[in-house]
Number of protein chains: 2
Amino acid sequence: MDIHPGAAHPTVADTGEVIAWVAKELRSRGERMTGPRTAVLTALGEHPGHLTVEDVVEAVAAVDSSVHRSSVYRALEALCELGVVQHIHLSHGTTAYHLSSIRGPHPHAQCVRCGVVQDLPADLLDDVAARLVADQRFTLDATHVALSGLCAACAENWPSSPETPIIANHVH
Amino acid sequence: MDIHPGAAHPTVADTGEVIAWVAKELRSRGERMTGPRTAVLTALGEHPGHLTVEDVVEAVAAVDSSVHRSSVYRALEALCELGVVQHIHLSHGTTAYHLSSIRGPHPHAQCVRCGVVQDLPADLLDDVAARLVADQRFTLDATHVALSGLCAACAENWPSSPETPIIANHVH
DNA sequence: GTTGTTGCAAATTGTTTGCACTGGT
DNA sequence: ACCAGTGCAAACAATTTGCAACAAC
């Protein structure tokens, strides 16, 4: 159960509703709502933070222990394609998954020291994005990669040991 | 030979000098300047872009084919610790290495489509950093993770095939 | 001569894939 | 009944590690 945000997301609309919507959407594409997919959605609904694959596997096991590891990978892929689940890339090569919340897309920041991911205001990078388009003609996707740095708790205790050493990380 | 920046870095000060400096610095710590470490520095000096481990292995092989893969990993780690080599995290779990250039630290942007990494102005994220400290007490390290988005060339050709499909990437 | 480093091979970790079978529609 | 999706095991990729031999000091 890693990489929680300091503060919880606003609660996602009832997971049951999400599942129903996804089922309908899948069927309309000739795909199917299945046990593993339900389990993944339920698991993500129960953990409003940002979960690594490993976290999801764990959380899914708690919901339905018959779901195989590889099905979690496949379900996440399918649900990301649908758009109900989103992923962000963190330092260290890990990827974190979360339900597309009612908040809509927003940037994230991850602490290099303790690994915690926090949500950031949606408009935080608007000016930077504008400057990038104007100067480099580069179209920024601010939500796709987490910014890196030191969280408040870790900055205070620096350079002592990490505040809840949650993630396997070397400090760069 | 992947993930080159569109424009080359300003040439790093003579690689020989760098090697000499590193040798001295290593010795002063009771460590040693060795064949693989020299080869890695030379290889990085010859390729001023941002290289994946795979790229470095390849470039090192061209310099000294007796250097083993695992030594490249170990040399990169040692040289990063020294500070002469820096790494940045890209989408997709890859890490890119480069000599700490005379430019000093600066942010990077990577195109999700073609994978090219480009250097950005050092001050680009200053305002964002200030806002993050003030509002979230989060200390940004703007150089550690590459921003993600679409480069000019790929944005033009979108949604056709990537401009030089350099990196193994799925488009998210 | 010490001992930090290396080459190599084996171990580890994380993810993907082929395939017969199950279960959603 | 069809076939998308699953469980499983095996394949695969990327990185790390144990250790004897080597070479920098």
Side-chain angles (χ1 to χ4, degrees), chain A residues 2-3 19-20 22-41 43 51-58 60-61 63-82 85 87 89-97 167-170 172, chain B residues 2-3 19-20 22-41 51-58 60-61 63-82 87 89-97 167-170 172:
Chain A
D2 279 349
I3 311 186
I19 292 176
V22 171
K24 199 191 56 149
E25 187 63 21
L26 283 170
R27 263 178 245 125
S28 82
R29 304 187 178 203
E31 301 175 5
R32 293 166 190 181
M33 180 49 108
T34 64
R37 291 172 180 183
T38 310
V40 166
L41 288 172
L51 310 188
T52 62
V53 178
E54 206 45 45
D55 298 332
V56 178
V57 167
E58 211 175 295
V60 163
V63 170
D64 177 350
S65 64
S66 73
V67 175
H68 195 272
R69 210 184 176 69
S70 63
S71 298
V72 172
Y73 280 97
R74 291 190 272 221
L76 282 174
E77 193 187 355
L79 296 171
C80 279
E81 200 138 334
L82 254 182
V85 172
H87 69 271
H89 294 288
L90 310 177
S91 307
H92 227 228
T94 33
T95 303
Y97 295 85
I167 203 179
N169 68 320
H170 39 119
H172 318 261
Chain B
D2 279 349
I3 310 184
I19 292 176
V22 170
K24 198 192 57 156
E25 187 63 22
L26 283 170
R27 263 176 243 126
S28 82
R29 302 184 179 203
E31 300 175 6
R32 292 166 192 182
M33 180 49 108
T34 65
R37 291 174 180 180
T38 309
V40 167
L41 288 172
L51 310 187
T52 62
V53 178
E54 206 45 46
D55 297 332
V56 178
V57 167
E58 210 175 296
V60 163
V63 170
D64 177 350
S65 63
S66 73
V67 174
H68 195 273
R69 210 183 176 70
S70 63
S71 298
V72 172
Y73 280 97
R74 292 190 272 220
L76 282 174
E77 192 187 354
L79 296 171
C80 279
E81 201 137 337
L82 253 183
H87 68 271
H89 293 288
L90 309 178
S91 308
H92 226 227
T94 32
T95 303
Y97 295 85
I167 203 178
N169 67 320
H170 39 119
H172 318 264

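In the text below, chain A, chain B and the rest are named by the order of the sequence lines, each starting its count at 1. Excluded from the calculations below are hydrogen atoms, water molecules and symmetry mates; all remaining heavy atoms, backbone and side chain alike, are included. Just so it is clear, the structure is predicted and the values come from calculations on it, not from any experiment.
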Evaluation steps, side-chain contact (heavy atoms from CB on, under 4.5 Å), between B:L41 and B:M33:
CA-CA 11 Å; B:L41 288 172; B:M33 180 49 108; 3.9 Å; yes

From [atom1] of [X] over to [atom2] of [N], roughly how many Å is that when rounded to an integer?
{"X": "B:E54", "N": "D:dC12", "atom1": "CD", "atom2": "C1'", "answer": "14 Å"}
{"X": "B:L79", "N": "C:dT5", "atom1": "CG", "atom2": "P", "answer": "11 Å"}
{"X": "B:R37", "N": "C:dG7", "atom1": "CZ", "atom2": "P", "answer": "11 Å"}
{"X": "B:K24", "N": "D:dC25", "atom1": "NZ", "atom2": "C1'", "answer": "17 Å"}
{"X": "B:D64", "N": "C:dT6", "atom1": "CG", "atom2": "C1'", "answer": "12 Å"}
{"X": "A:H92", "N": "D:dT15", "atom1": "NE2", "atom2": "P", "answer": "11 Å"}
{"X": "A:L26", "N": "D:dC3", "atom1": "CG", "atom2": "C1'", "answer": "15 Å"}
{"X": "B:L76", "N": "D:dT16", "atom1": "CG", "atom2": "P", "answer": "11 Å"}

Taking only N and O in the side chain of B:R69, is any of them less than 4.0 Å away from OP1 or OP2 of D:dT15?
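False: B:R69 side-chain N/O out of range (4.0 Å or more) of D:dT15 OP1/OP2.
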
Side-chain N or O of B:Y73 closer than 4.0 Å to phosphate OP1/OP2 of D:dT15:
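Result: yes.
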
Less than 4.0 angstrom from a charged side-chain N to a carboxylate O is my criterion; do A:E81 and A:R29 meet it?
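The answer is no: the pair does not qualify as a salt bridge.
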
B:G30 near the nucleic acid: base, sugar-phosphate alone, or nothing, with a heavy-atom cut-off under 4.0 Å?
sugar-phosphate

Is it the case that the side chains of B:H68 and B:S70 hold a donor-acceptor pair, with the cut-off being a distance below 3.5 Å and no angle test?
yes

Could you label the plane-to-plane angle of the B:Y97 and B:H87 rings as parallel, tilted or perpendicular, counting under 30° as parallel and over 60° as perpendicular?
tilted

When rounded to the nearest 0.5 angstrom, what is the spacing between NE2 in A:H89 and OG1 in B:T94?
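Here the rounded value is 9.0 Å.
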
Nearest 0.5 angstrom please: B:L51 CG to B:L76 CG, how far?
9.5 Å

Looking only at side-chain atoms of A:V53, point me to the closest of D:dG7, C:dT15, C:dG7.
C:dT15

Would a 4.5 Å heavy-atom cut-off, applied to side chains only, mark B:E58 and B:V72 as touching?
no

5' to 3', nucleotides 18-25 of chain C under a 4.0 Å protein heavy-atom cut-off (B base, S sugar-phosphate only, - none) gives B----BBS

Determine to 10° how strongly the helix from C:dG1-D:dC25 to C:dT25-D:dA1 is bent, judged from the axes of its five-pair ends.
30°

May I ask you to check whether over 12 heavy atoms, not counting those of B:E25, lie within 6.0 Å of atom CD?
yes

Evaluate the criterion salt bridge (charged side-chain N to carboxylate O under 4.0 Å, His left out) for residue pair B:E31 and B:R27; output intermediate values, then yes/no.
CA-CA 5 Å; B:E31 300 175 6; B:R27 263 176 243 126; over 6 Å; no

